[in-house]
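Working notes, beginning with the structure itself.
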Amino acid sequence: MTLLRTHNLTVRYGNKEALTSLSLDIDAGVIGLLGPNGAGKSTLLKTLLGFLEPSRGSAEVLGLPIGKSGAALRQRLGYFPERPVFVPGLSSIETVALAGEIGGLARGDALARAHEVLWFAGLGEARYRLVEEFSTGMQQRTKLAMSLVHDPDFVLLDEPTSGLDPVGRRQMLDLVRQIGERGVSVLLSTHLLHDVESVCDSVVLLDKGKLALHGKLSELKQQPGWVYEIRVREDEPGTFRKALAESGLLIEEGRDGQLRITLEERPTRFLFELARASGAEIRHLRRFERSLEEQFLSAVDRDAPRDS
Amino acid sequence: MSVIALEAVSRWYGNVLGLSRVSLEFEPGVTALLGPNGAGKSTLLKLVTGLLRPSAGTVSVLGEAPFANPTIYARLGLVPEEEEFRARVSAVDWLEYLLRLHGFGEADAAARARKALSEVGLDSAAETRVTTFSRGMKQRLRIAQAVAHDPDILVFDEPLTGLDPVGRRDVIDSIRRWGSQGKTVLVSSHILHEVELMTREVVLMNAGKVMASGNIHEIRRLMEAHPHRILITTPDPKRLATRLIDQDGLHSISFSEERSQVELETQEPDRFYALLTELVLDDAATIHEISSPDDNLEAVFHYLVGK
Amino acid sequence: MPLHDLSYQRFEGGRTEQLARSLAIARMTTSLLLKRRSFLLLLCACWIPVIARAAQIYVARYVPQASEFVTVTARLWQEFLTQQVEYLPVLLVALYAGAGAISTDLSSGAFVAYLSKPISRFDYFLGKAIPVFLAILVVTLVPALALFGVYLSVANDFGVLETAPLLPLSVIAYSLWIGLYFTVFVLAISCLSRSGRVAGAGFVALALGSGIVLSGMMAALRLPSPPASLSMIGATIDSAHVFFGNVSSGDTPYLSIVAMTSLMLLSAFVLRRRLGSAEVAS
Amino acid sequence: MSTSRLLLVAQWNFSQLLWSPRTLAMGVLAGTPVLIALVYRAAVLFEIAPKGTDFGVFATLTATVSFPFVAPMLSLFYASGVTSDDVEAGTMRYLLTRPIARSELLAGKMLGMLVMVLFLFLPPFVIGFYLIVAPSGWQEVGTRFPALLWDVLAGILGLFAYNGLFSLAGTVLKRPLLFGLFFVFGWQAGAAIVPGTARYLTITHYLSSLLPHGSFQGTLARLMGQPSSNTEAILALLAIGLGTHALAIWVFTQKEL
């Protein structure tokens with residue numbers, strides 16, 4: 001099912017073209033939206049919400065044309081803004097219930113639903129406290145609840161894990177996954193590629209307002225051939241690497257200090273022999289998957305100036 | 001004498017405890033400060049940079065109390081936590097002004113400002129007003145202002161906030177470089193796999209206290225309550241499991257034919273790694289993959305913070 | 001016993017009408033205002049003139065000795081309402097309820113959260129305007145009507161209402177008029193700044209400053225008094241003559257109406273431009 | 001204190017304020033004397049304004065608009081933000097972590113602030129004087145010039161005192177604007193018309209005592225108390241200004257920001 005389709009979508013922001021003739025066709029699911037700063041990610045989200053008007057081209061979300069549909073479209077969209085959101089003086093539950101009422105729920109429904117989504121977002125008794133006094137983590141949970149309370153079919157999440165500690169981040173990603181399992185599509189805009197790797201089905205990568213990469217995550221991560229990453233513990237650092245090099249294998253060193261070797265087939269005794277001979281012990285040996293980071297860095301123009 | 005030393009430092013905000021009797025010393029090189037929200041990392045960094053005064057205990061930086069101390073600021077650079085940042089001037093003017101407050105002459109300040117901007121990749125935006133910057137550009141500028149005067153001590157509160165993958169990679173590389181140049185670098189961050197790329201030295205905090213400090217792998221080794229997990233992929237998991245099961249020091253072992261995997265938990269990982277090599281070489285076992293999913297910072301963090 | 005599913009659930013219930021959504025914002029804003037003791041105190045203080053007027057009505061009826069200099073005519077209601085403007089109650093209430101109304105939303109991010117929901121920008125404006133409007137009516141229309149109650153309960157005939165049968169209508173229309181005027185103006189100021197304090201200061205400076213500068217100028221020119229239509233408060237007071245049907249008094253009441261209408265149109269234009277701009281939504 | 005860094009801060013702060021959107025609004029306020037002078041000239045030209053001395057017009061202008069309204073408002077809108085402007089813009093931390101003493105930093109900022117306020121207040125004031133008085137002939141200008149100098153002196157001292165007070169309010173209080181509005185329109189207006197010593201706790205009292213062409217406070221105020229002598233007024237304004245500035249600096253050096 002088509003979730004989002006744009007045709008030659010061009011959006012200007014101030015006197016700068018933030019999106020340039022963007023043509024996209026995205027199916028429902030959990031989609032990662034990536035791109036360097038200034039690539040047009042936030043612009044795309046704001047355009048879909050109707051905050052910005054395209055200067056050319058068209059876009060359809062959930063089968064509704066943007067711009068013309070206005071409120072009718074936003075009825076089916078949920079938005080998690082990047083920046084903090086609170087209504088001074090309102091507790092978390094009141095804020096979410098208000099968001100529900102504005103989203104078209106009757107007062108009683110809104111309150112019940114607010115409790116439900118806040119529970120889901122993992123905000124316990126804290127929901128009776130003022131949002132403005134919350135830690136980042138609790139604010140993000142409140143924002144998630146606000147974006148879901150009117151039961152959208154498609155939520156746009158702008159950096160939902162930003163500012164979260166490792167535990168909070170893990171929980172937030174679990175929530176995103178669960179939302180996806182309930183048939184709600186998610187567009188997850190983030191700079192944290194690990195987040196995308198852990199929850200998304202597919203990825204859209206923008207660069208300078210244009211589409212740079214789009215595809216299923218599983219396909220993007222596939223590395224052709226037999227490339228393995230390997231880490232050893234050795235008495236004398238560097239010996240094993242030398243031994244590998246002497247045996248004619250293709251070696252690369254990753255930034256994390258791990259070696260990447262290209263084999264002809266699955267690893268064999270040979271590697272272990274080599275390790276023992278050079279006084280090393282293999283501690284880690286895994287089929288190498290192309291990381292999203294490498295794809296990202298190769299797909300975007302790294303040296304281009306990124307001014308807004 | 002350590003570059004930075006905290007001695008039994010506590011800090012309260014009204015009734016709220018920020019930091020509780022923390023004693024720590026920091027030496028040249030990169031040290032990462034980790035912990036959940038509210039653990040006291042930011043409080044600690046503010047104490048070290050003299051933006052806060054300790055409620056009890058002493059903080060000393062280069063042998064002096066840092067609060068509002070100009071002598072310290074001449075040798076310190078700070079990237080504060082992200083907040084509103086709306087300087088209504090161009091990036092280069094802003095940096096020049098800050099550098100002139102350091103006492104650099106006009107020409108010197110201008111040259112240094114340009115250099116710092118180009119180090120963080122903002123050359124082409126030098127003349128642009130900061131108010132129009134994106135979040136990532138502002139973060140780059142924050143880093144530029146911290147390093148422009150070439151300080152000996154660098155303090156970064158979440159330096160990667162808002163940066164895109166390109167920027168993150170650049171900044172991580174720079175932090176490593178500054179550490180290896182002999183600067184004392186303190187970094188707080190939530191993104192653990194990125195911290196692992198910066199340094200092995202960490203301070204783990206929770207609820208205002210220090211839970212562990214030192215090398216990540218050392219800390220992991222000391223955590224005996226949590227046995228090491230080793231995952232092995234092999235075409236014949238049943239056979240490998242049978243071979244391993246009579247070994248001492250094994251907490252648990254399980255295998256899955258379906259996924260061709262054997263998973264074992266042990267207190268003595270060294271011994272089992274050695275054993276695996278033996279099995280392959282002397283017993284013709286075939287092993288495709290070996291990995292240890294919890295020998296990393298992420299695992300250490302979750303074990304210590306307890307969630 | 002089934003295991004309950006606490007994971008994310010979809011919502012099956014019905015949806016409300018568009019107006020209900022504006023009213024939700026209005027209701028929440030109003031209840032937030034009423035929670036603040038300082039606001040309630042302000043409202044009480046703004047009712048002090050009402051008590052004085054009630055006393056006047058009472059004295060005029062029951063103290064025959066005073067009837068020579070204390071009388072009750074249709075004029076009383078007009079004076080009461082214009083004095084609520086002249087001696088600041090209306091201004092203070094508008095300042096308190098309105099100056100931060102939009103600016104706080106802009107700085108706290110609530111604005112974007114509201115607008116990402118299925119409402120239009122006008123719905124949002126309505127939600128913000130209603131509480132300010134009501135707050136102004138609480139210190140104008142409500143006490144003025146209460147004074148009718150006092151009058152009718154102490155009088156033994158319909159005296160004033162017989163001579164001026166349209167008086168209640170005049171009171172209602174004029175109250176709504178100044179309510180609308182100050183609401184639109186204060187919200188227009190509010191949407192211009194992200195800081196409620198700056199907006200508040202701007203509102204006070206413009207509302208009072210227009211009068212102060214003007215009378216200073218007239219004093220310098222040795223002209224008797226400035227044309228009311230040029231100062232915000234002066235125009236509001238002057239325009240009452242139109243509503244209460246004594247057009248011949250005052251400076252140029254119709255001119256004041258025109259001046260106030262122009263300011264409202266300007267405010268509406270500012271609101272429309274500002275709330276509609278992409279910059280605000282970022 | 002190193003003077004060069006203090007001046008650097010002052011200069012920077014001045015230029016920051018000069019190019020801020022606030023200055024646009026404040027410029028309109030500050031320009032009212034010129035505006036009124038122009039209106040007066042037009043009125044004279046078309047013979048609308050009744051006859052009187054030109055200098056009398058200028059005196060009324062200073063007494064009704066410039067000193068009681070323009071001066072305190074200018075000072076309030078700028079000085080109350082002496083620290084909070086940087087805190088709100090998120091630029092304060094970067095300044096605090098520079099090798100410059102906090103006292104020097106704030107002193108520099110306040111100096112820049114004072115120059116800014118004087119820059120907005122004095123030129124339109126003097127221009128207003130010439131626009132109004134000059135057509136009466138150069139002799140009249142010469143006669144009235146000492147009065148203008150007194151006005152300028154009073155303006156400088158008054159703004160110095162107001163700036164100090166509102167800087168202090170801005171450094172200590174969360175809502176300095178509300179305090180300032182209350183001080184100017186509530187306290188000062190009220191204290192002037194009650195008998196007793198309350199008047200000595202206002203800035204207007206000394207300011208109006210200094211003005212050569214009589215108090216700008218209302219008739220009622222004049223009935224309630226005598227103006228102070230020039231020396232007293234100058235000393236009082238200086239003391240208020242110095243005291244509040246010093247206090248603001250002291251608070252700032254102790255503050256955790």
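Naming convention: chains lettered A, B, ... in sequence-line order (proteins, then strands); numbering from 1 in each chain.
Heavy-atom distances place no part of Arg36(C) under 4.5 Å from chain A, backbone and side chain included. For a residue to count as touching a neighbouring chain, one of its non-hydrogen atoms must lie under 4.5 Å from one of that chain's; by this rule Ser107(C) touches chain A with the backbone only. Interface remark: Gln18(C) contributes side-chain atoms only to the contact with chain A (heavy atom separation under 4.5 Å). Neither the backbone nor the side chain of Glu181(A) comes within less than 4.5 Å of any heavy atom in chain C. Proximity to chain A (any heavy atom under 4.5 Å) is restricted, for Leu32(C), to the side chain, taken from C-beta onward. For Val131(A), no part sits under 4.5 Å from any heavy atom of chain C, backbone or side chain.
Environment of CZ in Arg272(C): sparse, with no more than 12 heavy atoms of neighbouring residues, nucleotides or ligands closer than 6.0 Å.
The closest side-chain heavy-atom distance from Tyr114(C) to Leu98(A) is below 4.5 Å. Residues Leu115(C) and Arg74(A) fail the side-chain proximity criterion, which asks for heavy atoms closer than 4.5 Å. Counting heavy atoms from C-beta on, the side chains of Phe51(A) and Ser116(C) come closer than 4.5 Å.
Among residues two or more places apart in sequence or in another chain, the side-chain hydrogen bond (donor to acceptor under 3.5 Å, both in side chains) test is passed with Thr16(C) by none.
A donor-acceptor pair under 3.5 Å is absent between the side-chain atoms of Ser108(C) and the main chain of Val87(A), judged by distance alone.
Near-neighbour residues of residues 99-115 of chain A relative to chain C, defined by a heavy atom under 4.5 Å from a heavy atom of that chain, comprise Ala99(A), Glu101(A), Ile102(A), Gly103(A), Gly104(A), Leu105(A), Ala106(A), Arg107(A), Asp109(A), Arg113(A). By a heavy-atom distance cut of under 4.5 Å, Met146(A), Ser147(A), Leu148(A), Val149(A), His150(A), Asp151(A), Pro152(A), Asp153(A) are the residues of residues 132-158 of chain A near chain C, going up by number.
Within the structure, the salt bridge (Lys or Arg N to Asp or Glu O under 4.0 Å) test picks out the following pairs touching residues 93-111 of chain C (sequence neighbours left out): Asp105(C)-Lys128(C).
Counting heavy-atom pairs closer than 4.5 Å to chain C, the top-ranked of the candidates Leu77(A), Leu90(A), Leu49(A) is Leu90(A). The residue among Gly109(C), Ala24(C), Pro118(C) with the most heavy atom pairs within less than 4.5 Å of chain A is Pro118(C). With chain C as partner, the option from Pro88(A), Ala72(A), Ala121(A), Gly183(A) having the largest number of non-hydrogen pairs under 4.5 angstrom is Pro88(A).
Rounding to the nearest 0.5 Å places CZ of Arg182(A) at 10.0 Å from CZ of Arg10(C). Within the model, atoms CD of Glu116(A) and CD of Gln9(C) stand 6.5 Å from one another, a figure rounded to the nearest 0.5 Å.
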